[in-house]
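First up is the structure itself, then whatever we jot down about it.
None of the values given here were measured: they were computed from a predicted structure.
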Amino acid sequence: MPRVRFAPSPTGYLHIGSARTFIFNWLYARHNQGTVILRIDDTDVERNTQASLDSIFDGLDWLDLGPNHGADEFYRQSERIDLHVKLANDIFAKGLAYRDFTPAEHTDADVAPSGAAWLFHPAMRNMTSEESDRRAAAGEPFVLRFRVPRETREAVTFADLVYGEQSKGTADIEDFALLRSNGLPTYHMASCADDADLRISHIIRGQDHLTNTFKHVLIFEALGATPPAFAHLPLLIAPDGSKLSKRKHGPVVSVTTYRDGGFLPHSYVNFLCLLGWSPKNDREVMSRQELVDVFTLEGVNRSNATVNFTDADPFDPKAVWLNAENVRALPLDELAARALPFALAAGFHTDEAQMRQIAPLIQERIRTFKDIATVADFFFVEELAPYDAAELIPQKGDAAMAAAALEAARDILQTAEFNHDGLDAALRAGALKLGVKPGQMFQPIRVAVCGRKNAPPLFETLVVLGRETCLHRIGRALEILHTTTTA
RNA sequence: GGCGCUAUCGUCUAACGGUUAGGACGAAGCCCUCUCAAGGCUUAAAUACGGGUUCGAUUCCCGUUAGCGCUACCA
């Protein structure tokens with residue numbers, strides 16, 4: 001039974017790439033009846049914040065992958081530091097690590113010969129244990145470095161489940177730090193210690209960790225543990241090819257942007273799955289269960305995937321399309337319930353009952369719930385926003401025709417049976433009587449009641465609006481027409 | 001700079017040596033139609049470049065180019 005983990009560090013909101021990594025871990029575990037472990041990698045006390053942790057939980061919860069943020073077990077690295085330090089010291093005790101007393105300021109490129117990578121400080125790596133112990137006992141600060149076995153071993157290898165056989169020469173791996181001079185573990189140490197201790201079987205993470213994995217394999221081996229299986233995921237990048245970053249790309253990299261933009265959680269999950277993974281059968285719109293059933297690591301590909309967005313539109317068109325597909329499939333009650341908060345947030349007065357009436361009229365017309373504000377606004381307002389009188393004039397018609405149509409409509413709506421069929425019959429008959437095409441009759445009415453030419457089907461709209469509102473708005477339209485033509 | 005990874009329509013992707021290089025989004029056109037939307041049909045659009053291997057390369061190998069990642073006492 002596989003055990004996978006998602007290990008975010010709480011230094012910002014939940015990033016779209018992190019969300020995808022979590023989803024892939026989750027799918028892999030659910031597909032294989034495994035366990036999802038959520039581990040907060042919060043060893044960097046300087047940058048961690050509670051607000052960030054909360055927003056990561058919010059993001060995971062919105063994804064709607066189950067209780068407890070979709071995870072089965074929960075850990076916090078900061079509570080396990082004693083373990084990390086103990087295991088680091090075990091490695092030191094085995095002679096597989098050494099103390100490096102070089103002051104922090106001197107660790108960088110000035111020691112590295114130009115052209116080659118920095119590997120280690122010879123004086124530190126080769127120091128006698130007597131001197132090392134003496135300086136440590138004297139209280140001199142040091143970082144504990146892994147002693148990469150360049151003499152006894154040519155390369156470190158592992159088989160990545162996505163990228164295949166990986167190998168890197170030990171001569172190209174530097175003596176990386178295990179413990180910092182403040183005594184706290186580094187990311188590499190803490191991560192591997194926890195992965196080993198929690199018996200993680202599969203590490204599924206971003207490809208940015210691919211080269212770190214050679215170090216991790218070394219740590220697992222030094223710990224006497226069998227390294228877990230690794231599967232690296234291609235990265236999500238911006239349209240310009242650069243990696244997604246908050247500073248450069250703004251809120252598009254946060255999952256909350258999609259949440260607030262009126263996406264269904266599942267649409268977003270579905271969309272993210274399609275980035276860097278394919279079921280290979282041309283299926284795109286899939287339910288959560290279908291995704292679980294069909295997800296495999298073999299379906300993950302190796303090249304980075306671009307998230308398509310622009311300054312004008314932060315949402316990838318495919319995500320929007322997927323959401324529209326899911327919206328159309330929603331039961332009307334659920335559609336109404338989910339759309340309501342967005343109508344309210346847009347400043348409209350409405351309630352669930354009214355939303356339920358409107359639901360069938362907007363279902364095929366909104367792509368995200370945020371569209372409710374531009375698609376259904378006229379249902380909510382008392383007085384329509386001003387519109388151009390010219391809008392009232394039908395195709396191949398004139399102001400006189402518009403006026404005649406509206407006057408006829410006013411009479412008809414006063415007496416007609418106020419339901420779809422009744423209005424349909426009465427208004428068509430009205431058009432016939434006026435000698436105009438149905439469309440020429442309907443358009444002025446539509447503009448009069450909706451305030452624009454493009455709107456849901458007329459009869460249903462009239463019914464939802466109610467006789468009184470319709471008559472009032474038609475009256476207003478006649479006034480507008482009159483004042484414009486006489487002015 | 002060193003090391004690693006990647007390269008199919010604008011974008012997401014399919015094609016485990018042999019296809020007219022397929023699908024989807026987006027775009028364009030047509031149909032349907034009371035407008036819009038939805039739906040149906042159609043069109044444009046790709047194997048980065050150069051060498052090999054092979055009867056045959058999108059596919060395998062090498063090189064070039066480009067992009068990304070790692071190269072911290074950050075994760």
Side-chain angles (χ1 to χ4, degrees), chain A residues 7-9 11 41-44 46-48 77 100 102-104 107-109 112-119 141-145 160 163-164 166-169 171-174 176-188 190-191 206-215 232 234-235 237 239 241-243 271 274-285 298 301-308 316-322 324 328 361-367 375 394-395 424 427-428 431 437-443 445-447 450 452-459:
Chain A
S9 61
T11 55
D41 278 12
D42 54 354
T43 52
D44 185 359
E46 306 280 304
R47 301 198 300 155
N48 294 165
Q77 265 195 340
D100 182 341
T102 311
T107 356
D108 45 332
S114 58
W118 175 87
L119 290 177
F142 61 86
V143 316
L144 192 68
R145 285 190 187 282
D160 191 90
Y163 287 88
Q166 299 296 311
S167 174
K168 183 167 183 174
D172 292 315
I173 304 174
E174 75 281 4
F176 52 93
L178 262 23
L179 294 179
R180 302 184 257 220
S181 57
N182 63 6
L184 292 174
T186 61
Y187 159 73
H188 300 301
S191 179
Q207 191 239 46
D208 47 344
H209 285 293
L210 191 63
T211 28
N212 285 332
T213 306
F214 298 104
K215 297 173 188 172
H232 287 89
L235 266 22
I237 57 176
S242 65
K243 80 177 218 178
F271 167 66
L274 262 17
L275 258 21
W277 172 81
S278 160
K280 316 252 184 225
N281 61 1
D282 287 342
R283 292 273 296 151
E284 301 210 286
V285 184
E298 287 72 52
N301 54 35
R302 287 166 295 280
S303 47
N304 293 347
T306 304
V307 181
N308 223 349
D316 190 305
K318 197 140 194 174
V320 173
W321 170 76
L322 272 168
R328 280 174 223 131
L361 299 184
I362 61 169
Q363 184 159 37
E364 290 180 345
R365 293 174 180 77
I366 59 172
R367 295 162 310 157
V375 170
Q395 283 284 306
D424 189 336
L427 288 171
R428 279 180 199 281
K437 292 182 184 168
Q440 292 175 310
M441 175 84 180
F442 300 155
Q443 187 190 316
I445 304 172
R446 174 176 297 112
V447 174
C450 300
R452 57 169 171 268
K453 286 177 177 171
N454 299 341
L458 185 59
F459 312 127

Base, sugar-phosphate, or nothing: which does [X] touch, judged by heavy atoms less than 4.0 Å apart?
X      : result
A:G276 : sugar-phosphate
A:L458 : base
A:Q443 : nothing
A:S191 : nothing
A:P456 : base
A:F459 : base
A:D424 : nothing
A:K453 : base
A:R452 : nothing

[atom1] gap between [N] and [M], integer Å:
N     : M     : atom1 : answer
B:U58 : B:G1  : P     : 32 Å
B:A28 : B:U64 : P     : 43 Å
B:C61 : B:U53 : P     : 15 Å
B:G18 : B:C60 : P     : 12 Å
B:A57 : B:U47 : C1'   : 11 Å
B:G26 : B:G67 : P     : 31 Å

field: A:N301 vs B:U13: side-chain N/O to OP1/OP2 distance below 4.0 Å
entry: yes
Just the rounded figure in Å: distance from [atom2] of [N] to [atom1] of [X].
X      : N     : atom1 : atom2 : result
A:K215 : B:C73 : NZ    : P     : 9 Å
A:H232 : B:G69 : NE2   : P     : 15 Å
A:Q166 : B:U6  : CD    : P     : 7 Å
A:L361 : B:A38 : CG    : P     : 16 Å

query: Under a 4.5 Å cut-off applied to non-hydrogen side-chain atoms, are A:R367 and A:W321 in contact?
result: no
Contact summary for A:D208 and A:N212, nearest pair of heavy atoms: O-ND2, 4.0 Å
